[in-house]
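Structure, as structure tokens:
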There are 2 protein chains.
Amino acid sequence: MTTRTDAPTRREQILKEAARLFAERGFHGVGVDEIGAAVGISGPGLYRHFAGKDAMLAELLVGISGQLLTGAKRRLAESDGGAPEALLDSLIEGHIDFALDDRPLITLHDRELDRLRDSDRKLVRQLQRQYVELWVSVLREVYPGLAEPAARSAVHSVFGLLNSTPHLGRPGSLPGRGVTAELLHRMARGAFAAAGAE
Amino acid sequence: MTTRTDAPTRREQILKEAARLFAERGFHGVGVDEIGAAVGISGPGLYRHFAGKDAMLAELLVGISGQLLTGAKRRLAESDGGAPEALLDSLIEGHIDFALDDRPLITLHDRELDRLRDSDRKLVRQLQRQYVELWVSVLREVYPGLAEPAARSAVHSVFGLLNSTPHLGRPGSLPGRGVTAELLHRMARGAFAAAGAE
DNA sequence: CCTTCAGGTTAACGACCGCTAACCTCCTTG
DNA sequence: CAAGGAGGTTAGCGGTCGTTAACCTGAAGG
């Protein structure tokens, strides 16, 4: 784990607040003045750090997809030769950590993709596709009888399940992070098992 | 079943197209001129049918929540005294039908709620809450060991799973509606079973 | 046949929003 | 200590958007 101790840069502050606001009210529902105000500067000051509002969204979405894919690839490498069940558990765990710790990003990730410029959207889609395909191949190792289209549908559906964290109420009202993570993990495994039982 | 044979009214046309456009590009991303063009009239002509753009969204969201709740209540009444497992299956089936047949509405339902006026939002939230609580009580009959907070989380997560249909590719690329519905159903049951196994 | 009204039209207004221009103020660095 | 760039500021432009106003038309009804 690479824990950050130094203070976040202004760019990072902006991205974090923009993510929160975009998730709350939608990309078009948030003005640049609001984003600026959220970090203590006003409106046009943002243009010292980003080319425009679109660039912020692009950086957020590319970052999310890349982070998910990178983490999954690392887990794949670490489990080299191990049991596919353990790798699947590791993937689930990683996705849950992300969904619980970066809820605004998870929300954006499947909601504002269409607001991107063509080239950015293609990049994000490609990263997402690689991530999905990695899950699909691991899932089919665990459940060899599962056909590929069904496996892909199952993976998307489990993403829907895991990404439901924003609907689970405020972080405070949850039964506790560990308990929630464990529940989500069990449900994901249960859903996969049911999909794999033909 | 109440099958409609008469032609849809202009209001209904507008609502349908507005739902599709809102789901595709977000509430703020669609202009009234676009909605008008989608039904063959232009821009301000919409104001003969709706008080404003907000009113269209409100009617859509209230309609969705109400329809889901009404259907669930009907299923509850029909199964009176029957096995809770069968009722749970019936609820899942109804939700899947909705998610597969009205994908734009499912998308809107958990995405644009915050764009509503306070009173409308409260109404929608109340309908949604009743719907969730109905599921929770049925779920806890099937799995009596499941505590209420966990049951509620499980229900929200399974909604996430079932509502993932918009991510499953175009209706044509699916393996077939029946097959997909059955897969989703099995996964939902599997996820609940895993949640219920303490 | 005249009235009425539902359901359109186009023009235009006012507000808002993304972005640029022009300017200011430190902090750094040779 | 002068120079310069990083990172702010406010003013304002140009475009878009929701909405209203004013007008038109064709069908229904007494």
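Proteins get letters first, then strands, A, B, ... in listed order; numbering begins at 1 in each. Atom set for the values below is all heavy atoms of this structure, side chains included, hydrogens, waters and symmetry mates excluded.
Atom CD1 in Ile41(B) sits roughly 5 Å away from atom P in dG8(C) (whole-Å rounding). Between the CG atom of Leu46(B) and the P atom of dT10(C) there is a distance of 13 Å, rounded to whole Å. The interatomic distance linking His49(B) (NE2) with dT19(D) (C1') rounds to 16 Å, in whole Å. Between Phe50(A) atom CZ and dG8(D) atom P the separation is 12 Å, expressed in whole Å.
When each of Leu123(B), Val124(B), Asp54(B) is paired with Leu116(B), the side chain to side chain contact (heavy atoms under 4.5 Å, CB included) condition holds for Val124(B) and for no other.
Salt bridge annotation for Arg20(A)-Glu24(A): present, with a cationic side-chain nitrogen under 4.0 angstrom from a carboxylate oxygen.
Interatomic distance, Ser42(B) OG to Ile35(B) CD1, rounded to the nearest 0.5 Å: 12.0 Å. In this structure, the separation between CZ on Arg103(A) and OG on Ser164(A) is 9.5 Å, given to the nearest 0.5 Å.
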Check nucleotides 13-18 of chain D against the protein and report each pair of N or O atoms closer than 3.5 Å, with its distance, or say if there are none.
unit_1  : atom_1 : unit_2   : atom_2 : d
dG18(D) : OP1    : Val30(B) : O      : 3.2
dG18(D) : OP1    : Lys53(B) : NZ     : 2.5
dG18(D) : OP2    : Val32(B) : N      : 2.8

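Minimum atom distance to the side chain of Pro44(B) is reached by dA21(D), of the listed dA21(D), dA11(D), dG8(C).
Using modelled atom types, one finds no donor on one side chain facing an acceptor on the other under 3.5 Å when comparing Thr9(A) with Arg11(A).
Taking the six-membered ring where tryptophan is involved, the planes of Phe192(B) and Trp135(B) are tilted, since the angle between them lies from 30° to 60°.
Between Arg10(B) and the phosphate of dG8(C), there is a side-chain N or O to OP1/OP2 separation shorter than 4.0 Å.
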